Structures are given as C-alpha cells and as structure tokens.
Novice: 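Pasting a structure here, questions to come.
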Amino acid sequence: MRKLIFIFSAFLIFGTASAQTKKGDLLIKNATVITVTDGILEDTDILVENGLIRRIGKGLSGGNGTTIDAKGKYVMPGIIDAHSHIALDVVNEATSPITSEVWMGDVIDPYDIGIYRALAGGTTISHAMHGSANAIGGQNVTLKHRYGTRNPEDLIMKEAPRTIKFALGENPTRVHGRNNNIQPRTRMGVEAVIRNGFSEAQQYKRRWSEYDQAQKQRNSTAVPPKYDARLQTLVDILDGKVIIHCHSYRADEIYMLINVCKDFDIKNIVFSHVNEGFKVAPELAEYTMGASVFADWWAYKFEVYYSTAFNAAILNRNGVVTSINSDSGELIRHLYHEAAKTQRYGGLTDQEALELITINPAKQLGIADKVGSIEVGKQADLVIFDSHPLSVYAIPQMTFVDGVKYFDINEDNHDQRIRVSATEMVEPIYLKEHEHKCMHNVDFLFSNFGRNLFDHNH
Amino acid sequence: MRKFNLILFACTFTLLPLWATAQIDGEVVKPRSGTFLLRNATVVTVNKGILSNTSVLISEGNITAIGENISSTDAEIIDCSGKYIYPGMFDGGTKLGMVEINSVAETNDNAELGNVTPNMQALTTINPNAVAIPVTRVSGVTTTLAVPSGGLFPGTAALINLNGYTPDQMYAGFKGVVMNFPSSARRSTRDRRSDDDIKKDAETAMKNINELWQRATMFQSFREAEAELDYYPEMEHLSKAVSGELPLLIEVNAAKDITNTLEWLADKPNVRAILTGVAEGWRVADKIAAAGIPVITGPMLSIPTRESDRYDAAYTNPGKLLAAGVKVGLRTNDTENVRNLPFNAGFAAAYGMGKDEALKAVTLVPAEIFGVADRLGSIEQGKSATLFVSDGDPFETKTQILHVFIDGYKIPMTNRHIQLYQEFLERDPGLVK
Amino acid sequence: MSIIYKKAYWWTFAVFIGFIITDVAKAQSDNTGERRVTGTYIITNANVAYPSGKIQSNTSILVKNGMITAVGKNIASPSNAHHIKGDSLFIYPGFIDGGSTAGVTKPKDPERPSNFNSASPPDDIAGITPYRNALDYFDLGNAQVSEWRKAGFTMAQILPEGGMLPGQTALVIFGDKTSTNIYSENTALYATFNASRGMYPGTLLGVMAKFRSLYRNAELSSQHSALFASNQGINRPERDKVLEAFYPTLDKSLPILFAVEDDLTVRRALGLQRELGFRMILSGASNVEEIIPILKDSQTAVFLSLKLPEDKISKIKEDEESDFERKERIDRIKSSYTKALEEAGKFEKAGIAFGFSSQGIKSADLMKNIRLMIANGLSEEAALAALTLNPARILGIDRYTGTVEQGKLANLVITTDSLFKEDSQVKYVFADGYLFEYDTKAKKTRSETTDEVDLAGTWTYVARSPQGDSQGQMVIARESNVYTGEITLDNPAGSGQITTAMNNIEYNNNRLRFEFSIDLGGNYLTFSVSGDIDGDEFDGDLSVTDLGSFPFKATKQPGA
C-alpha cells in the first residue's frame, strides 16, 4: 500500500505546498453577538488574534489589530454555503457516468467576481462542487472566500475533509442515457452504476493490498496493478475518508442511495437539494449527515414539482441536520434571507434558522470544529449586520475571513474585479444568471438544446 | 432524533391558522364570497395613512365600509386585533399561469412562434388551476401581470387576479402589447461578436422595428379612415399600440438600450409606453424621469448586470429610479416563485427605496400604471376587496399572512406546499412500521 | 545538459555534416538550375551583434558549408566565396522559436469505432497521442515556414497539433528544402490543457485527472517492464505506446513542454509538475506578471507568447466617452493593456532568461510586438537574447547556435538597420548556411487593398460548442454581386443532417456575415455567423441569442 499512499499524499501535497494565507488581528466591540452555539450575547466584544477567535466577553481590550465599534450592530459567524459553483472555471466533466477522479481544486478561478459578491452577502465559505451530470461526479473543494488573491490555492480551506459529488434522477439519466445512449437512462440505472462502481472499487482495493502484501516479501517481483484514480476515490469513500454530497430530488432516489450506503457501510453522506427529503425525513435523520436544501425553489423541472417550501422545517423538526444552500451565484449573496424563509414556511426559531447557514453546513462539510459558530478557538470568519440578519431589511456591513476584512460596505471600491481584459471595450451585460449552476458546461449546442438548460438547471 | 420542541411546534400551529379553518378529511376548501367584517385591525391604506383599531367591511366583492365602529348583522366576523390589513400586492411581470413546469416544454405556453405576434393573448393561456397560483396568493400577492415572451412583439400581456375558474373571471382590467426592444449589449462573456458586429446587429434590429412600426402606423391610418383592409391580425393588433388604444410594454434593460428606447419614443406621442425590466435604469434614471415614462422593474434579487458594477446594483436600482423622479412598480419576472415579490420589495426598501415607497411600488403604483387604481391598489371604501391580513410587515420574512381576499372572495389558506407539510411533518409510520 | 542530450546532439550534428558532404558528392548536375554555385559566403564590412550584445562595426563573417568559420576584421576571402557587401548592414544570430506550428499540419481525426463510447474513447480519438512525432506532420515547403524565416527565424521547436497530448516536439532548421533540416527529434513531450470535445476528457477537469493518471501508470508500467526484463516468471507487460512515450519523462531525460496561456494555466502546469516531478518548459505564457517570482524560484524555463492584446484604446472616438462611468472602465482596460506590453520587461528585470514562442501570432506582427515590448521596458539586448541565446540555452543547443561566433551554425539574420528600429528590414537570412535574399524596397501594406475572394463554392466548416464539434457544409452561389447559399448541419432534433438556407449574406472587406434558422421542436432559433475570410479560410464565430457564441471555422474546398 505504500506506493498508493505515496500517490495520494502527493495529491494532497499540492494543497499544502503553498505559502501561508493571510491571518488577521481584530477587536470588535459592543456588538450583539449571535454565537449560534451559545445563544446571543448582548453588548459583547470579540478579540481575534492571528485569524482565530481568542476571547469573547465584555470590556475586552488589547490585540494588535484594528478595533471596530459595532454598537447596535449584530455579529454572526460567516455564512457557509454547502452547495455552490462559484469560483470555478469548469463545473461538469459530463462525459462519463462516473468521474470520481476529477477534482474541483484543479479548476478554481480566483478572479470570479462572484466571490466578492458572496462576501458582500456575508458568505465566507462555499463548497465548490462538481456539477450534477454524472451519477458519481468529481471531488469538490471547500473554499474560504479570501478574495483578492490570484492564487487558487489561497482559496482552498485546507483543513476541510475531502468531499465528492453524486447526482441522482433527471440530470444523469438525461445526459448519459438519453443524450449519449449509455447507462443510466433510468433511476434503476443510476443505482446500478453506483453499485457497480463501489463493487469494482472493492476489487481494486483487494488487488492493491495483495500487491502490497507481496511487496513485503524479500526480493519480491510482484507486478504493480494499474493505477485508477477513479476507483481509488471510491475506495476512499468506502474507507470513510470522503463525504458524499448527493444531488437528489425525489424521495425514492434518496431512499435508494441510503440503502446502497447501508449495503456498503458508508456513513458519510449528505443529500443536497433533496426537495422531497421531507418524505423520508426519518430515514435521513437516522442514516445520514443531513440534508442541504433550497429555501423555496420548486417546479423548474418535473422532479421538483411535488416540493414544498416547508421542506427545511419538516427536516429540522424530524432531527435531520439541515442546511440551506445556494447552488447559485445570486442566492449565495443572501443566504441569511433564504434561511429566514424557514420562519415563514414552518416557523423555525431564529436559532434554528441561523443554524441552517452556519453550524449545520459546517457539520455537513466536516469543518464544524473550526467554523460555523462564534467560539473561542474557532477561525474568525465573521459578518457584521446593521440589524438582525434574519430581517429582510438587514444589510451586511463587513465580512471577515480569518480575521481579515474582505468586505466593507463603506470602504470598498465599486468595481471589485481583480483582473480586467485588455481588449474588452464593450462589457458584457448579464440579464440572466447564466453561470454557477449545476448543469453548467453541459449545454450542448447541436446535440441537445435542452430548453431548460438556461433557466433553472439545478 | 424525534424529540422536537413541543412548544415550538405549538407556536407553528398557532402561526398557521389554516388548521383552525376546520379542514375536514376529504373536504375541499373553496374560495367563498360573502360579507366579512375584519375587526379591529391596523389598516395600512397605502394612500390615506395607517388607521389603527379600524375595521373593514367586505360585501359583494367590495370594501363597503372602513371605520372604528362598524357593525354588521350578517357579516362573518374575523377578529384582527393586533393584525394588519394591506391591499393585495401586484407583481408587474410574471409567467404565472402560463408555465407549469419550466423544463417540460409541453407545459410552457408563454412563447409562440414568430417574431411579430402581438395578437397572441396571454389571457387565453392562463390556467386557472395552475398549482403555483394558490402557492402564490397565500403570500398576499393577489394580482399579477401575465407576460408573453419570445420575439420582437411576442403578444399581449394581461393583468389577472389570482382567483377564478375562467381567465375572464380572473381578468383584472389591463392589457398591453409587449415589445422586446432590441439590445445593443454584449450578452455575456460567451457572446464573442466583435464590437462592430454588435453595433451592426443593433442597427439592423432598429431598422427592422422602424419598418414594422411604419407598417403598423399605415394600418392604423387606414383603420381610422375606415378603409377596407385585408385580414392582418398582427398589424391590427400592433396598430392599437400605435394609436394608444393599448399601452406598449417595452422590455429593455441595458442603459444604452433604454436611451435608445426613449429616443425611439420621442416622436410617438400617442404611444402609452411602460418600460419593463430596466435593470440598468439607475444609469439613466434622469432621462427616464424626464421622459415621464413609468417603469416596472425587477427582480431586485438578481446579480448586477455588469461585472464591474457594485454588488448591490440590482437591490438599489428601484430606489435610485424613484429618487430621480421615476414612477416605479416592481416585479419578480418569475413563474412559480412570484411569492417572493414582498421579499424583493423588502430588499428594494432596505437598499434606498424606503418601506413606504416600496409598499406603494407593489400596490398603488402598479395599479395606477395599469390604470386599475379605481378598483385596486389601496384600502378604500368602494374599491375591490382585494386585500390580505397579516401579523406584521408583509415584507418581513417571518411575517405570517393570515387571510387573503380577492374581489371579496375569501381565499383558502392552503396549497400543495402546505398540504405536503401537513402530511409529512409527523410521518406515520416514522422510521419503522 | 544531460548526457543523453549531449549524445543526441553529437549524433544529429554528425548526421548534419554528413548531409552536406553527400549533397556535394552526388550533386553532379541540376537541370532546374536552382542549385547554388557555392556553399561559401563572405559578408564584409558589416555591423555584427556579438554575444555580449555589443555591435561591432567593420566586421566580416565567413560562412562555409553551413558553419560560421570566421568572424573578425581581416578575413581573407576564399576564391569560391559568394561575396556580400555588408556595408551598413547589421548581422544577428538567427532567431530561435521556442514553440512554433509553422508548417505543421493537424493529423486527420481517426475513424470512430462502431462501438464508440464517449465515456472511454480510444486514446488517439481523445487527443492522447504522445507517441506522435511533430516531424511526421511537418512540411518545410509550407508558406508559413518561408514567412517566419523571412521574419528572421532560422530554427524552431515545432509543436505537433492535436489534443491534450499531441506528441513529441522536434527542433528543425528553416533551411534549404533539399536538406532534411532536422536538428533533433523528440526534444520534448508536448502537453496542453485542450480537452476532447464531447468525450472524456471533455473539460479541463478531465484533462488534469487524465494527465495524472497517465503519468502514474507510466511509472507503474515502466516498473513492470523493468521487472520483466530482469526476472523470470513475470507476466508479459502489455505494450502501451502512450505510456511508453512517457518513460523518458520519468527520469527527466525528456522535458514536458506545457502549452500555457495565462497565470492560471501556468499555476496548473506547475502544480502537476510539483506533484509528479517531471522536468518542464512552459510555452506561450502571457498575463503571468504576478507569478514571476514563482517562475523564478522554481527555475522554470519559459517561452513567452509573442502575442499582445489588440490596441483598442487608441481607437476610441471622443464622442463615445459620454457614459459617466466609462472613463473609469477605460482606465482599467488601459492599465491591463499597458501591463501586457510591460510583461517581457518585467521578466528581464527579474532576471529570467526567457525565450519566445510564436504560436498563435502572424509573422507580420513579430517586430511590431517586440518593438512595443521594448517601448514598454524591455531592453534591446534582452529582446535579442530572447530571440536567440535564451531559447538556445533552454533547448540545450547553445553550443551550436544562438550567437554569431566561429564554429556555430550559419544561422544569421541580416538587416538594413539596427534590428529593432522602426524602418529596419530583413535583407538576408542564412539558415543552415543557405542564403535567402529579400526585397527590401517597398513596404507592403496589408489588407484593405487586397482583392476580395470569391465566396462561391463549397465550404466545409467546424463549429465548436462546449460539448462537441459540429461539422457540415456550406454551398455558396454567386450571381453578379449577390450571394446565396445553403448550410448543412447536424440535426439538433435527431440524427442525420439537415440543410437550411443561409440568410442575409453580407460580404465586404473580407468580412462575411450570414444567418440561418433551425426548427427546434417548434421553436425557431436563429444563428448568426460572422468572421474574416483569408484566402480559402474563414475564421469566425457563430452566435445564438442568449446562448453565447462559439468558434466557427470553414475551409473552401478546392475546385468545387
């Protein structure tokens, strides 16, 4: 196995070889602090040193950084989006029903203005995901919105565990079955493709461990098996090293994958979108790491016709770890508002609603020990709002990542592009939000003019 | 994991009085008319201030009385103490009722073939039983403009109220010919036309429009002269926009295109123009104000049109237009999520428009723009009883809408979303049978 | 330079000399009368650029059988020397192109097998052909070679055309057509980030993963081969020419030449290199100013792109500046433009000995762009070095070329004035000891005046969409000055092809525009195509309302 470990550690070294990212010092005074994990603290200070929250209390002083008087303002943890496609050059490697070997970290676009716009809406972490074209898509990357850097590696949250995209239902069956004439064409096929993948991965693992055993013999002449990153990633899922985030809508397909995971003893799985999750809420609560949902999206395609905006409330009340995600360069700018919709549709409390965009997505991404709440020792990803963040009138004022200020409503320039084309005299005007969507890069020009591909493609 | 907080659950229960309206197994709750007395509310009239401890009497479809001490012997009394009454909200541009499921082409009836089809009637294709209609109206959005899309003149939009069994029962008294003004903008980074080509394409499109308009003008002059004309429904319809018989709803968004539109309109005094979209209106707000043309803009919850724009450009657009003196109504431009209109208005309010003006922009102002302010848009005696009762500011996300009336009909506060909630909140059997 | 490299060069050098000898031996007669009378030249009394960068006047150069045999003040002229008076002329080393596609044609796409599966296509169809050799697709007689030679290039590392791994590069001399002109084969394994359209790897995501996978499997496969070679009882290794092509990169004896565009692609290439450990050269870099320190620290050899952005700023008319925020926007575009011009100068300041690659530019733009770089901070010495000595060093051939010195290859550029002066023109080029002479009187002005091409005929086109190429034909007819036509395309609603009319055909100043519409299950969708005609080639874009636009290229079929 040593060879294999070498191969994969090399894969990870890519992430760690870079220079240190910026860490800030900061003292926020007199704020209403929404800790998420420890209630609301009135008139409270937060001391940040070297990017971490050092102290929370009254009358704090010291520190090397700037002091911000936040009297009358609200401070909450940086918002975390468990399903996003911003800051990516490519979203879908839609050419094969399984593409577990590809990694979104390879295609990060640090120049995407969407990162700044997300910061301006208080979102400090996004889960940059592969698209939903394949039953088993690519490996995702968790990003911290350190906008301004030109180095993609600076955006990667290196502490975050590996995650991978799965997708069920209409998208993989359309892309592969109906457009390319290969399995899966049905939800049955999706199950088969996933089961085949895991079974092959088990064989692959066996081949390598046999080889590694043989290598231990003196003067071994064992021949190494072929290396297959696709299967190796599936092995890592089986070994519990990778969290599945599965694009899904219908209850039957969610239930199917829960069963597959049971059979392969996979515990690390989060269902995403999961519009009909409310129908299998008890199962989601028992067997998964939770559900990451839209606040109110429905009816843009058939598999979301029987949805309800009360989904998050039902899931939450049934004990499912629930988050609200964006899957959109637009929604990511006001996830605080999306979370508030669970108060209209199902009457969640402020506490419950705020958990949906902070500690809960952090749990689903495996980073809840580092971010997602305002606690001593956690990373200082913070947002200051002028009023309660669940109010429709709330306006984010400043956003910090690792104690470094990346958005300030009063100081930032209007034009926040990092890079400007030398020849683009006529600037494009976007009247619809075309980018940052699940089915991005799958819009065929001649082979499939999916009428639906340019509106809601999630 | 099944221990959810009972107190919270109870709260939810009271916040959703739909369960209190005695829904019985198997019974369908229908909209019903009658005499209703909404007692002791805070009435947000929109045009005549806020009246506290005031009651509103609804009878035969209309608001028949507003005052502190109204009594009625035959009225069904609805206690509104601590509650608020608002006029029903208008969405100035939607596909609601025309499109059921966006990705299923067979359910999309909003875009007909052809470039010049002003004779296509949005009202014809409204499905009174669209699942999204009850989903929308329980939010207090009672009135929407159904807008056809497609070519240059895609059809005639119609204003509808979200209750009725036939399109005519839903029709709310306004129609307008829709025009998609040709864009001179680069459409996205994937639009790789050269600067010259973009310019040329726009010129060609303008030439095309002017030729069409000339034909319609000729048709109109013949019509006025009562000359004998060959059947030509497209021109017949377009000529109504030429004469001002029907307003012209001009969809235009890029700044340059807006000024082009204003120039194009300058020598057409008969045209009753309404600009729609107007995403970059803030760039040329003074010009729009000077031309005195009303605007329906939105959604606010959208990304800025240009990468170089400030992040909140779409949020602040209505406020900036208003400040320049433009008459501004709002829209979602949505289909199934028209219920987000109040939230769009809330963002507009927060980002410069102010709450009062944002409220007008979804009630009285669109009623005026669409010429139906004699019936809709404010709480006034004699107007249509199209209104809703809420437990607070309807733009605030957590506010609950408690009752909705459309033309005096009490709307059942249910829909598929709510029914699914009722069925699945506590599934039985749960995890095990 | 590694030992293997040295060997390779000595070998090719020997072959090279051998060619000259056999050439002389068998060339008894030439009934075309084209053969030169002598291979010996003397250029007298010229200004010669020395390796130090100094220009030495009154200097003569003797060229004999492809070599510079003497450089100095008092050189005796052999009786059989072709005498060129160098008075007022300037002599520079022949330029070396770090990455060129001049004269290289794209191999034909192989037939798709009947059981083609887009998820696992055969390597050659998916653009994975690292075993190919650029030389097999190179034609010295191609007009592009003559053009680049005329611009001063005498050697180039030629790049094979293709997908993510098109093949191996080769070093060629732009010499006489009677010679093979091969300097060395397999100088690098050429890698790009080009995805295969409509099959795996279909995007950059797949390309990155596929590259890792191939490299790792090449390591395993070479282990297997080594075991097999030295042990009994080992199963036979499966021959895989793709993996075998990687073998020499594993021990760094062969570098990987990565085609890059901007900082992000450079970072991706550097990432792969760090992770897998191969030796790397970058070709075609631009917009990389911000990562100069990283390139310097990693000692990565770089061929910068000779491409510069089009100057659109100076073309703005005053009246267009009315937009209140336009000035701010234009200022940012201006600074991006200036930054692009300054980039080469910044590399020089950082002490990086970069070369250039010509891929993607026209030879006519070469000097224009270099002068712009010089006007924006690049020194003339560094510009010359980037065209000559630096690429020679990067390619490991500086012992043989890159300077005007005795014992080096007779690759020279001779200009009418100091090289980078506005009016300076190339008068002679020596490549491989052969003399090429150019007319320097009239400066040719481009376009505008060129005669328009007749469009009538049959054209084949390729439209590239994110998900695949679409190919078809356009048949264009002409009646007096009005063009009509039909276009055939893949039926979007099903299989087969459909034909539809080309509408609104406009053609002037070599710019063609037309539209066509197709019926998509009841919706008519209009496409517009526009672009430039250059001879029998059309290069443009196809755009669709709301869907963006896509490259569209067409070629006129001969005789049709």
Side-chain angles (χ1 to χ4, degrees), chain A residues 113 116-117 120-121 278-279 281-283 285-286 296-302 305-310 313-314 316-319 329-330 333-334 337 340-341 343-349 352 390-395 414-417 425-431 433-434 450-452 455-456, chain B residues 1-4 8-9 11-12 15-16 100-105 108 131-132 185-189 191 195 198 253-254 277 279-280 301-303 305-312 335-337 339-340 343 346-347 349-351 395-400 416-418 420-421 424-425 427 430-431:
Chain A
I113 190 70
Y116 181 78
R117 289 172 178 166
F278 64 91
K279 294 182 179 173
E283 287 78 11
E286 181 71 16
D296 59 4
W297 282 7
W298 71 294
Y300 44 90
K301 61 199 305 199
F302 187 70
Y305 193 43
Y306 297 89
S307 307
T308 173
F310 294 80
I314 300 172
N316 210 55
R317 295 275 189 254
N318 276 275
E330 200 283 303
R333 309 174 315 144
H334 46 76
H337 169 58
K341 287 176 180 171
Q343 303 196 298
R344 174 160 293 196
Y345 309 118
L348 292 196
T349 62
E352 288 171 318
L390 293 174
S391 166
V392 78
Y393 304 113
I395 299 179
H414 286 194
D415 181 359
Q416 284 290 337
R417 291 172 301 167
M425 301 303 288
V426 180
E427 195 181 3
I429 291 179
Y430 295 84
L431 298 177
E433 200 235 348
H434 282 303
R451 321 158 261 257
N452 49 328
D455 277 322
H456 291 289
Chain B
M1 27 127 301
R2 304 275 284 100
K3 19 167 201 180
F4 50 75
L8 293 175
F9 181 54
C11 289
T12 323
L15 288 172
L16 286 163
E100 190 69 24
I101 300 174
N102 188 60
S103 76
V104 181
N108 294 357
V131 169
R186 187 183 294 281
R187 292 180 291 255
S188 74
T189 41
D191 178 354
D195 296 359
I198 288 173
N253 284 288
E280 294 197 344
L301 293 172
S302 61
I303 56 168
T305 51
R306 307 186 191 189
E307 296 205 331
S308 64
D309 281 345
R310 197 175 143 94
Y311 72 95
D312 60 2
T335 306
E336 65 276 2
N337 271 338
R339 59 184 169 185
N340 283 336
F343 306 144
F347 269 71
Y351 287 84
F395 297 168
E396 264 302 2
T397 329
K398 67 165 66 162
T399 298
Q400 297 296 313
R416 189 147 83 201
H417 287 232
I418 292 167
L420 289 171
Y421 177 53
F424 286 99
L425 181 62
R427 208 183 74 184
L431 191 61

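In this text, all values refer to a predicted model and were calculated from it rather than measured experimentally. Lettering of chains follows the sequences in order, A, B, ..., and the numbering in each one begins at 1. Only heavy atoms go into these numbers, but all of them, side chains included; no hydrogens, no water, no symmetry mates.
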Novice: Out of Tyr306(A), Trp298(A), Tyr116(A), Phe278(A), which one racks up the most heavy-atom pairs below 4.5 Å with chain B?
Specialist: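 Heavy-atom pairs under 4.5 Å are most numerous for Trp298(A).
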Novice: Using a 4.5 angstrom heavy-atom cutoff, name the option from Thr305(B), Thr335(B), Asn340(B), Thr399(B) with the most pairs to chain A.
Specialist: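 Among the listed options, the one with the most contacts to chain A is Thr305(B).
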Novice: Looking only at heavy atoms and a cut-off of under 4.5 Å, which of Lys341(A), Glu283(A), Arg333(A), Met425(A) has the most pairs with chain B?
Specialist: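 With the most close heavy-atom pairs to chain B, the winner is Arg333(A).
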Novice: Heavy-atom pairs under 4.5 Å with chain B: which of Val392(A), Ile395(A), Asp415(A) has the most?
Specialist: Val392(A)
Novice: Please enumerate all residues that pass side-chain hydrogen bond (donor to acceptor under 3.5 Å, both in side chains) together with Gln416(A), with sequence neighbours excluded.
Specialist: none
Novice: Answer yes or no: is there a side-chain heavy-atom contact under 4.5 Å between Arg427(B) and Asn318(A)?
Specialist: no
Novice: As an exercise: rank Phe302(A), Tyr345(A), Tyr393(A) by heavy-atom pairs under 4.5 Å with chain B and give me the winner.
Specialist: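 Max contact count across the listed options: Tyr393(A).
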Novice: Do Tyr305(A) and Glu100(B) have side-chain N/O donor and acceptor atoms under 3.5 Å apart?
Specialist: yes
Novice: Quickly, which of Phe343(B), Phe347(B), Tyr351(B) forms a ring pair (Phe, Tyr, Trp, His ring centres under 6.0 Å) with His334(A)? Name it, please.
Specialist: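 When ring pair (Phe, Tyr, Trp, His ring centres under 6.0 Å) is applied between His334(A) and each of Phe343(B), Phe347(B), Tyr351(B), only Phe347(B) qualifies.
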Novice: With a 4.5 angstrom heavy-atom cut-off, is it the side chain or the backbone of Ile113(A) that approaches chain B, or both, or neither?
Specialist: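 Only the side chain of Ile113(A) comes within 4.5 Å of chain B.
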Novice: Listed by chain and number, what are the side chain to side chain contact (heavy atoms under 4.5 Å, CB included) partners of Ala254(B), not counting sequence neighbours?
Specialist: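 Once residues adjacent in sequence are excluded, the partners of Ala254(B) under the side chain to side chain contact (heavy atoms under 4.5 Å, CB included) criterion are Ile429(A), Ala185(B), Asp257(B), Glu280(B).
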